[in-house]
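Each chain gets a letter, A, B and so on, in the order its sequence line appears, and its residues count up from 1.
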There are 2 protein chains.
Amino acid sequence: MMEDVTTTATPRRSPGDKHDERRNQLAESALRTLGELGYARASLREIATNSEFSHGVVHYYFRDKLELIVYCVRYYKARCVRRYDAVVAESDSAEELVEAFAAKLVETLRDEAPMHRLWYDLRTQSMFEPGLSEAVTHIDNTLQEMIWRVVERYSDLAGRPPALTPAATYAVLDGLFQQGLLALTRDGEAVLAGLPAQVRALLPVLLAPEA
Amino acid sequence: MMEDVTTTATPRRSPGDKHDERRNQLAESALRTLGELGYARASLREIATNSEFSHGVVHYYFRDKLELIVYCVRYYKARCVRRYDAVVAESDSAEELVEAFAAKLVETLRDEAPMHRLWYDLRTQSMFEPGLSEAVTHIDNTLQEMIWRVVERYSDLAGRPPALTPAATYAVLDGLFQQGLLALTRDGEAVLAGLPAQVRALLPVLLAPEA
DNA sequence: GTTTTCTCTTGACACCCGTCAAGAGCATGG
DNA sequence: CCATGCTCTTGACGGGTGTCAAGAGAAAAC
């Protein structure tokens, strides 16, 4: 007994990452349900039903609901903040980057709408539930950096410096994206056709006008 | 019997607006509670507790919770979408308007943060609860018009046409405002000091550059 | 093969929710 | 002055929630 030296709060782990695997498995089911129903309506039972486990297992891998949610958020973040890296890398002119960025925006909106609905839900809930605040802030910063990488590259290609701070630039583009998501949810995929034009109009004004 | 010609779904109204007065009274209590707790956590009992009535009275004046919420939203909207009209009317130069607008933005954020938290909450919830969608969309349009009046006036004073559509302009400013609200909620009132600078940087780029 | 440890299920608990029926209090109008 | 509405309170209902304890079942260790 007590043969291992690594002590953990969660049950002792023999292989070490078997737990993490299950946690990720649960996180994936949870994200599916959360994206569908939103934070308030997604119960642990419903989440478990959409997985291959029963409702009690959640408390074996997570202390409480909040820890599950926060884990989900971080899990999700890990694989989405590099989404525009290809846009940055593969564009050789300012116009090209604008088009690629707009196209990626539309694609993201179309293919992962539930996940983005969840993200905005959680970010809003963080204003009422301080327990969410830390994780949400961290992601928001990461997203801001992601956007800034795009705009910096755009600035280099266009030969004009950015007109706004990274925070304001992110805020502005996030506002456009959020309205796109609202319109998509309300009116269907047809509205996505109008988004590239908005991006084409907005991006240039985010750089200082040519001398 | 049946002496009045105006028929209503709710109980018959002798004076006609006694009901509306109570409804508004309840709406005000509800808005206070909703702003504090958010949509998901604000129960009818809690709302009634924060009023001078008991929890059962809600169903005397509203069919169900959703009708109360929607009524609240519309009630709130009615007295906030004219908030920037003075800014438009009393500014005689572009720079003056920018400063007045920024100041009003900060004031609104500081004095009515709970109400704005609620608004963003409801707008997000409308993506999961279609019953909210109509009311939310209506308000969003009204806010867009409010913003557009400011930017149009700004455009006139500066002698430069707007660079973006009304929808994109609203989306962009709304994004900035929302980030301000998040920062305020997270870090306290100190962050408001930095907002005017962001407004001063952003508003000029919303107009086409001078020829 | 037996014992120990890890996983997961089941079922219960205390609580809170929206809703509604029954009735008390009160004013109004006959 | 009694009767008739209108307001509002009380108390209950069925259902859903997060949480957790007890134990079944499998796997691993010896």
Side-chain angles (χ1 to χ4, degrees), chain A residues 1-4 6-27 29-30 33-34 37-72 125 128-129 131-132, chain B residues 1-4 8-27 29-30 33-34 37-72 125 128-129 131-132:
Chain A
M1 60 198 77
M2 290 290 283
E3 52 189 313
D4 60 342
T6 69
T7 59
T8 50
T10 36
R12 75 192 68 165
R13 49 181 68 178
S14 313
D17 48 5
K18 188 66 172 299
H19 265 74
D20 287 353
E21 192 183 326
R22 278 278 183 279
R23 283 163 75 97
N24 292 348
Q25 214 170 335
L26 282 175
S29 299
T33 308
L34 285 162
L37 302 178
Y39 176 67
R41 273 166 281 278
S43 68
L44 292 182
R45 283 171 167 82
E46 187 67 25
I47 289 172
T49 300
N50 283 20
S51 80
E52 48 179 339
F53 303 105
S54 68
H55 73 272
V57 84
V58 175
H59 279 272
Y60 186 73
Y61 290 102
F62 299 94
R63 197 181 328 109
D64 55 9
K65 186 181 182 180
L66 198 73
E67 189 183 294
L68 168 64
I69 303 288
V70 170
Y71 186 89
C72 284
Q125 295 311 310
F128 299 101
E129 186 136 13
L132 285 172
Chain B
M1 65 197 77
M2 290 291 282
E3 50 188 318
D4 59 344
T8 51
T10 37
R12 75 191 70 164
R13 49 182 69 179
S14 311
D17 49 3
K18 188 65 172 300
H19 263 76
D20 286 353
E21 193 182 326
R22 278 276 183 281
R23 283 163 73 97
N24 292 347
Q25 215 169 334
L26 282 175
S29 299
T33 308
L34 284 163
L37 302 178
Y39 176 67
R41 272 166 282 276
S43 69
L44 293 181
R45 283 173 167 83
E46 188 67 27
I47 289 172
T49 300
N50 282 20
S51 79
E52 48 180 340
F53 303 104
S54 68
H55 74 272
V57 84
V58 176
H59 278 272
Y60 187 73
Y61 290 103
F62 299 94
R63 197 179 329 109
D64 56 9
K65 187 181 182 182
L66 197 72
E67 189 183 293
L68 168 66
I69 303 289
V70 170
Y71 187 88
C72 285
Q125 293 312 309
F128 299 101
E129 187 137 12
L132 285 172

In whole Å, what is the span from the [atom1] atom of [X] to the [atom2] atom of [N]?
{"X": "A/Glu67", "N": "D/dG18", "atom1": "CD", "atom2": "P", "result": "15 Å"}
{"X": "A/Phe62", "N": "D/dG18", "atom1": "CZ", "atom2": "P", "result": "15 Å"}
{"X": "A/Tyr61", "N": "D/dC20", "atom1": "OH", "atom2": "C1'", "result": "17 Å"}
{"X": "B/Leu26", "N": "D/dC8", "atom1": "CG", "atom2": "C1'", "result": "11 Å"}
{"X": "A/Gln25", "N": "C/dT7", "atom1": "CD", "atom2": "P", "result": "13 Å"}
{"X": "A/Tyr60", "N": "C/dT7", "atom1": "OH", "atom2": "P", "result": "4 Å"}
{"X": "A/Glu21", "N": "C/dT7", "atom1": "CD", "atom2": "C1'", "result": "14 Å"}
{"X": "A/Phe53", "N": "C/dT9", "atom1": "CZ", "atom2": "P", "result": "7 Å"}

Does the side chain of [Y] come within less than 4.5 Å of [X]'s, by heavy atoms?
{"X": "A/Val58", "Y": "A/Asp64", "value": "no"}
{"X": "B/Tyr61", "Y": "B/Leu68", "value": "no"}
{"X": "A/Leu132", "Y": "A/Leu66", "value": "yes"}
{"X": "A/Tyr71", "Y": "A/Leu26", "value": "no"}

The criterion is side-chain hydrogen bond (donor to acceptor under 3.5 Å, both in side chains); which residues satisfy it with A/Ser29, sequence neighbours excluded?
none
Holding to side-chain hydrogen bond (donor to acceptor under 3.5 Å, both in side chains), I want the full list of residues that pass it with A/Glu52, two or more places apart in sequence or in another chain.
A/Gln25
Note down the inter-axis angle between the two ends of the helix from C/dG1-D/dC30 to C/dG30-D/dC1, five pairs each, to the nearest 10°.
10°
Residues forming a salt bridge (charged side-chain N to carboxylate O under 4.0 Å, His left out) with A/Arg22, sequence neighbours excluded
none
Between side-chain atoms of residues 37-47 of chain B and protein atoms elsewhere (two or more places apart, or another chain), which donor-acceptor pairs fall under 3.5 Å?
| unit_1 | atom_1 | unit_2 | atom_2 | d |
| --- | --- | --- | --- | --- |
| B/Tyr39 | OH | B/Glu129 | OE1 | 3.3 |
| B/Arg41 | NE | B/Leu37 | O | 3.4 |
| B/Arg41 | NH1 | A/Glu129 | OE1 | 3.1 |
| B/Arg41 | NH2 | A/Gln125 | OE1 | 2.8 |
| B/Ser43 | OG | B/Glu46 | N | 3.1 |

Extract from the structure each pairing of a protein N or O with an N or O of nucleotides 17-23 of chain C at less than 3.5 Å, listing the distance.
| unit_1 | atom_1 | unit_2 | atom_2 | d |
| --- | --- | --- | --- | --- |
| C/dC17 | OP1 | B/Ser43 | OG | 3.0 |
| C/dG18 | OP1 | B/Lys65 | NZ | 2.9 |
| C/dG18 | OP2 | B/Leu44 | N | 2.9 |
| C/dG18 | N7 | B/Arg45 | NH1 | 2.7 |
| C/dG18 | O6 | B/Arg45 | NH2 | 3.0 |
| C/dT19 | OP2 | B/His59 | NE2 | 3.3 |
| C/dT19 | OP2 | B/Lys65 | N | 3.1 |

Ignoring the backbone of A/His19, work out which of C/dT7, C/dT9, D/dC8 is nearest its side chain.
C/dT7
What's the separation between atom CD in B/Glu67 and atom CZ in B/Arg23, rounded to the nearest 0.5 Å?
5.5 Å
